[in-house]
Amino acid sequence: MDGGDALWGSPGYDATLTHLARIGYPRVELALGYFGRTAVQLRQFLDGIGIKASSSHDGISGSAAELEQKIQNAVTLGQQFMVVPYLYSESADEWKRWAEQMNVEAAAARAAGLRYGYHNHAHEFTIDLGGGKRPWDVLTAELDPALVHLEVDLYWAVTGGINSGDGVADPEGFALDVIRSAPQRVLQYHVKDRDASTGDMADLGTGMIDFARIFREHSVLEYIVENDTPDVTPQQTAEVGYRYLRKIRF
């Protein structure tokens, strides 16, 4: 669940996470740091409200020491996953270099009992790297499927298909082709809807994405409710998303 304004401002991190636990969310994915706590302190807080940090968004590490600290924090928090959230380049060589770095990090994460993944946006499906290749083609060719999994953001996959022209006729079919064709396992979804007229993000069940169709074709270990620009308050968006997922999936 994405709600940066609510976490940094009002009602604040502690109140927002407590509200998520009361709704019924069993776990969250960390993406904005620890809000003044150490990993040990954050684990104590989350344990106290009955919610688990099972995943996190972390950039590629700048050094071996940073990687070691990142992995140690994830282990301390009891995470199952750690995910690279965003990369952008119009150079095929840079995407290859990043894939090599992620394979190295993924091996270290695996040794610590963690699964290491990559999260997409739309540009992986739209940037022309030359020779008919797009970033998604390079990543899925270079990332080691024995070490790296995919966290497919369904809003961005659908949007990438529409923006590229390849998924205009069947956006969900495009997303499913992305999932099926990748050598890597798709173990996590980001689930946020898309407004049919504007293309903006929308609360679950209010947009055009047929999530039930996608879920029937491919189930995952984690379904993460997200909306970067919630229609109402993040707390209400969280409740809408929770009810929607419970209805169609669980």
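Because the structure is predicted, anything quoted here is derived from the model rather than measured.
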Donor-acceptor pair, side chain of [X] and main chain of [Y], under 3.5 angstrom:
| X | Y | answer |
| --- | --- | --- |
| Gln184 | Asp144 | no |
| Asp193 | Asp210 | no |
| Thr18 | Asp14 | yes |
| Glu66 | Gly62 | yes |
| Asn120 | Asp153 | yes |
| His218 | Val186 | yes |
| Ser219 | Phe215 | no |

What distance separates [X] [atom1] from [Y] [atom2], expressed to the nearest 0.5 Å?
| X | Y | atom1 | atom2 | value |
| --- | --- | --- | --- | --- |
| Arg27 | Ser54 | CZ | OG | 5.0 Å |
| Tyr155 | Phe211 | OH | CZ | 11.0 Å |
| Ile179 | Ile214 | CD1 | CD1 | 6.0 Å |
| Glu105 | Gln101 | CD | CD | 7.0 Å |
| Tyr223 | Leu204 | OH | CG | 13.0 Å |
| Ile162 | Thr126 | CD1 | OG1 | 12.5 Å |

Check whether any side-chain heavy atom of [X] sits under 4.5 Å from a side-chain heavy atom of [Y], and report yes or no.
| X | Y | answer |
| --- | --- | --- |
| Glu90 | Asp128 | no |
| Leu87 | Glu124 | no |
| Gln79 | Lys52 | no |

Pairing of [X] and [Y] as salt bridge, 4.0 angstrom limit:
| X | Y | result |
| --- | --- | --- |
| Lys192 | Glu226 | yes |
| Arg134 | Asp137 | no |
| Arg243 | Asp203 | no |
| Glu94 | Arg97 | yes |

*Is it true that atom CD of Glu217 has more than 12 heavy atoms of other residues, nucleotides or ligands lying nearer than 6.0 Å?*
yes

_Test ring pair (Phe, Tyr, Trp, His ring centres under 6.0 Å) applied to Phe81 and His149, step by step_ = CA-CA 10 Å; Phe81 304 101; His149 74 277; 5.3 Å; yes

If I compare all heavy atoms of [X] with all of [Y], which pair ends up nearest, and what's the gap?
| X | Y | answer |
| --- | --- | --- |
| Leu129 | Ser89 | CD2-O, 4.3 Å |
| Leu67 | Ser61 | CA-OG, 3.3 Å |
| Thr16 | Gln235 | OG1-NE2, 3.6 Å |

*Is there a donor-acceptor contact under 3.5 Å linking the side chains of Asp195 and Ser197?*
yes

*Does the side chain of His57 come under 3.5 Å of the side chain of His119 through a donor N or O and an acceptor N or O?*
no

Angle class for the [X]/[Y] ring planes (parallel below 30°, perpendicular above 60°, tilted otherwise)?
| X | Y | answer |
| --- | --- | --- |
| His121 | His123 | parallel |
| Tyr118 | Trp136 | tilted |
| Tyr242 | Tyr25 | tilted |
| Trp98 | Trp95 | perpendicular |

*Is it the case that Arg37 places NZ or CZ above or below the six-membered ring of Phe45, under 6.0 angstrom from the centre and within 45 degrees of the axis?*
yes

*When hydrophobic residues are tied together by side-chain contacts of less than 4.5 Å, even through go-betweens, does Leu221 share a cluster with Val178?*
no

*asked:* Would a single hydrophobic cluster contain both Leu187 and Leu114, if residues Ile, Leu, Val, Met, Phe, Trp and Tyr are joined by side-chain heavy-atom contacts under 4.5 Å?
replied: no

_Sole residue of Glu151, Gln80, Arg115 in side-chain contact (heavy atoms from CB on, under 4.5 Å) with Gln188_ = Glu151

